[in-house]
Amino acid sequence: MLNARLTKEIDKAVNLILSAEHVMAMTGAGISVESGIPPFRGPGGLWTKYGEPPMNGYDLFLQDPKKAWQERLSPSGPSKEMWRALDQAEPNVSHLALVELERIGILKAVITQNVDNLHRRAGSHELIEIHGNYTMVRCIQCQIRIPAAEVPLKILPPKCPQCEGILKSDTVSFGEPIPKDALDRCYAETQLCDCMLVVGTSSTVYPAAAFPLAVSEKHGTLIEINLYESELTASCTLSLRGSSAFILEALVESVGSRRN
Ligand SMILES: [Zn+2]
């Protein structure tokens, strides 16, 4: 049950959304927790449990791509836990609510920091996976992406069928630049955006954190949906505290009925 205060705030959010021209969403780990995917930081977080991973993952990959692939194919510790969770996860109400918001023409794009493929599986079309997608591999030379399941793994590291470059998981490692195509789309969408829903992310990891701030700087509307207060809260027009599933479902229902 939504409490009275939250109901009022959702009403406000609906007004803001309906008066905007180019609504976007940016999502993070919080939106997938209800799909069984553990967050990295905070209570129950993988890194809280296992410690922070090395911050030079991309350098380690470049130094020894074969070893990095071997580790990926027989993961241990936090990677093992994460792969298992990813393989078992299903999209939840929050992912579906964003699909509905796109279907009715309100939501123009989603930037996600998640690699879990759940927005895509739920049916989001205009989707920018800024940290990649765990079901894909990407050539570090020509950047083409191929479904991981289609890549022969007899010889490691696998090579790009197009340019013979080394294939790497599409998920962006620490120290790895964000793929240019994804970043360019983020900038283009953010430039048009006058209302951004920031869902389940504390928005501290750059460059993703820069997008909501850019919207706020040009006096656009920022609506935060998060269980906890974040560093972004002070810049938000409205902060809705609670589970993104409850809030997004109520919000999208209300947007849908008000538009008719
Ligand atoms: Zn290539």
Side-chain angles (χ1 to χ4, degrees), residues 24 26-29 32 37 40 46 53-80 82-87 89 91 95 102 108-192 201 205-211:
M24 282 178 73
M26 188 171 86
T27 69
S32 292
I37 297 186
F40 295 109
L46 273 186
M55 289 290 138
N56 60 344
Y58 190 53
D59 282 343
L60 293 174
F61 179 86
L62 294 179
Q63 280 163 25
D64 196 343
K66 184 176 176 179
K67 188 174 166 213
W69 267 99
Q70 283 166 339
E71 282 170 5
R72 183 197 158 153
L73 295 173
S74 16
S76 59
S79 314
K80 192 173 181 180
M82 184 51 103
W83 284 100
R84 191 182 300 142
L86 285 168
D87 284 336
H95 299 104
E102 181 181 11
K108 301 296 192 284
V110 176
I111 297 175
T112 186
Q113 300 169 83
N114 300 339
V115 302
D116 55 32
N117 199 34
L118 295 179
H119 283 297
R120 198 172 291 279
R121 281 179 59 201
S124 284
H125 292 287
E126 292 302 320
L127 177 66
I128 311 167
E129 294 163 310
I130 190 170
H131 293 158
N133 180 314
Y134 92 105
T135 68
M136 305 294 282
V137 298
R138 172 169 40 82
C139 172
I140 61 172
Q141 200 160 287
C142 74
Q143 310 289 322
I144 64 157
R145 292 176 180 81
I146 307 167
E150 292 174 15
V151 174
L153 296 171
K154 263 193 172 159
I155 299 166
L156 297 178
K159 296 282 176 64
C160 172
Q162 190 165 283
C163 79
E164 289 285 298
I166 292 173
L167 294 176
K168 178 191 168 292
S169 166
D170 184 40
T171 58
V172 173
S173 304
F174 282 107
E176 180 178 6
I178 304 287
K180 190 176 177 305
D181 54 347
L183 203 54
D184 286 351
R185 277 185 74 199
C186 287
Y187 284 122
E189 288 292 342
T190 304
Q191 209 156 25
L192 296 171
T201 171
V205 180
Y206 279 85
F211 304 124

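Both ligands and their constituent atoms are indexed starting at 1 by order of listing. Just so you know, these numbers use all the heavy atoms, side chains as well, and skip hydrogens, waters and symmetry mates.
Checked options Lys168, Lys66, Gln70; the residue passing with Pro157 is Lys66 (criterion: side chain to side chain contact (heavy atoms under 4.5 Å, CB included)).
Comment: Asp181 does not engage Arg138 in a salt bridge, judged by the lack of any side-chain N to carboxylate O separation of less than 4.0 angstrom.
Counting only distances under 2.8 Å, and ignoring water, the protein N, O or S atoms around the Zn ion (ligand 1) are Cys139 SG, Cys142 SG, Cys160 SG, Cys163 SG.
Looking at every heavy atom in both residues, Gly165 comes nearest to Cys139 through CA-SG, 4.0 Å. Nearest heavy-atom pair across Leu46 and Pro78 is CD1-O, 3.9 Å.
Here CG of Asn133 is found 9.5 Å from CG of Leu118. Values are rounded to the nearest 0.5 Å.
In terms of the ring-ring contact (aromatic ring centres under 6.0 Å, His included) criterion, residue partners of Tyr134 (sequence neighbours excluded) are, by chain and number, Trp83.
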